[in-house]
Amino acid sequence: MDASKSNERRKRRRLLADELMVAHDADLMLYSGPITMHGFNHVEEDLRARKPKRKNVFLFLMTFGGDAHAAFRIARCVGANYNRLTIVITDACKSAGTLLCLGAHELVMSDGGELGPLDVQLRKQDEINDFGSSLDTMQTLQLLEERSLATFRRYLLDIHLGGQLSTRMAGELASSLAVGLYAELYKQLDPVRLGEVYRTMLIASDYGERLVKKGRNAKEQAIGRLVGGYPSHDFVIDRDEARELFHRVREPTEKELELAELVSDSVDDLDDLNVVWIDSDDPEELEEGANVPATVGSRAEESGAEGKERVGSSPDPEGSVPREAHSGDDAHAAQLPATPQPN
């Protein structure tokens, strides 16, 4: 892009930002990249150093996911400094990003914006960078329960009606047959692992319950659906679906969408962390990266072997490791699933 076009875009972005700030009495912030404690530290430090200039805040959020603990802290930190938090979503805002959205008063979603389930992921046993969904374990348990009960009922009716045996005798025979079929499968389930899965699923739901008290935007049963109501962690929750989960979800205005597009143009990769005040006094800040922290890739490499639970991060179709970085501050930090970036 030549210098003249770049300057025009900066001026247009600043004009749109000024209009939005005045119209909503709101500061404007961009958070893109992994949700980590590193990112929370930047948000907290920026808020403390800059101090809110206005009553409300618009947070432009783009992320594939990350640390559930960090998402909770970011939402609480921003919410404590402003009367009203509006989150603008025009791109991926998955897993831990969705958890952060539970603390907002309003969601502004474009046609291209998407949320994702709060699907906790656990490190697979004997693996370093291979994660599995907590839903895999819970759905396996549910499937075994449904199939074993269906088998028992079928055998009970067949033996009782077809063999002309008493209900008691038919029940004993049906029970023995069902147990024989499914006992070996049940023996493969580790009760300690089941408890671990249940505990990690509580992380997202308990954080969500606390966050919704601020914005009061999530509908009843929304958290339950987000934690366990979707078949896959990369399930797309678009604006229409989001309206089934949240009270206040709207389309962006033309100017809000234009500003979001101008802001997103400065984001090269959602693997890199960017925490930027859009209404900065430095009009070149977004392009030049003056307020863009270093990426958290090195932290992820250093601590990748430590983290045990992720609130959702999955390998891409080629089998690469999960996208979101882990702060390494907590050896058992929960992470929400990150969705592979579209090609």
Side-chain angles (χ1 to χ4, degrees), residues 65 68 94-95 98-99 115-127 130-209 218-238 240-242 244-245 308-315 317 322 334-337 339:
K94 310 295 282 188
S95 52
T98 303
L99 178 60
L115 301 174
L118 303 181
D119 177 14
V120 178
Q121 294 230 314
L122 300 174
R123 189 178 302 283
K124 293 183 177 179
Q125 294 179 352
D126 303 322
E127 297 292 340
D130 195 3
F131 289 82
S133 169
S134 60
L135 292 181
D136 293 343
T137 302
M138 303 309 293
Q139 288 173 350
T140 298
L141 188 63
Q142 181 180 359
L143 178 62
L144 283 175
E145 180 182 1
E146 292 174 353
R147 291 294 177 86
S148 59
L149 286 174
T151 300
F152 171 77
R153 288 169 182 155
R154 186 174 70 251
Y155 284 160
L156 175 62
L157 292 175
D158 288 348
I159 295 171
H160 176 57
L161 298 177
Q164 299 297 312
L165 297 178
S166 67
T167 302
R168 179 178 178 180
M169 180 63 72
E172 291 176 353
L173 290 173
S175 177
S176 297
L177 289 170
V179 169
L181 282 174
Y182 293 97
E184 291 301 318
L185 292 175
Y186 272 102
K187 286 180 181 179
Q188 297 181 41
L189 296 176
D190 182 355
V192 175
R193 184 68 167 177
L194 288 175
E196 183 182 40
V197 168
Y198 180 71
R199 177 181 60 82
T200 55
M201 292 180 73
L202 286 178
I203 293 173
S205 61
D206 282 9
Y207 276 151
E209 292 289 351
K219 294 182 179 180
E220 189 176 358
Q221 308 301 326
I223 295 174
R225 285 182 59 182
L226 287 169
V227 171
Y230 291 96
S232 167
H233 77 267
D234 54 358
F235 194 94
V236 174
I237 299 176
D238 60 10
D240 288 340
E241 181 76 11
E244 298 182 10
L245 301 170
K308 188 173 184 181
E309 302 139 21
R310 289 184 178 239
V311 189
S313 138
S314 80
Q335 297 261 349
L336 286 170
T339 299

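As a basis for the values below, the full set of heavy atoms in this structure was taken, side chains included, without hydrogen atoms, waters or symmetry mates.
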When every non-hydrogen atom of Ser148 is compared with those of Ala178, the smallest separation belongs to O-CB, 4.3 Å

Under a 4.5 Å cut-off applied to non-hydrogen side-chain atoms, are Ser205 and Leu118 in contact? no

Side chain of Ser95, backbone of Gly116: donor and acceptor closer than 3.5 Å? no

Return all side-chain donor-acceptor pairs below 3.5 angstrom for residues 219-229, not counting sequence neighbours, or 'none' if the list is empty.
| from | atom 1 | to | atom 2 | distance (Å) |
| --- | --- | --- | --- | --- |
| Lys219 | NZ | Arg243 | O | 2.8 |
| Arg225 | NH2 | Tyr230 | OH | 3.4 |
| Arg225 | NH2 | Glu241 | OE2 | 3.0 |
| Arg225 | NH2 | Glu244 | OE1 | 3.4 |

With salt bridge (Lys or Arg N to Asp or Glu O under 4.0 Å) as the rule and sequence neighbours excluded, what pairs involving residues 172-181 come up? Arg168-Glu172

Under a 3.5 Å distance rule, please check whether His160 uses its side chain to pair with a backbone N or O of Leu165 as donor and acceptor. yes

Gln188: partners by side-chain hydrogen bond (donor to acceptor under 3.5 Å, both in side chains), with sequence neighbours left out: none

Where the side chain of Lys94 meets the backbone of Leu115, is there a donor-acceptor pair that is under 3.5 Å apart? yes

Cut-off 3.5 Å, no hydrogens considered: what does the side-chain donor-acceptor table look like for residues 150-158, sequence neighbours left out?
| from | atom 1 | to | atom 2 | distance (Å) |
| --- | --- | --- | --- | --- |
| Thr151 | OG1 | Arg147 | O | 2.8 |
| Thr151 | OG1 | Tyr182 | OH | 2.9 |

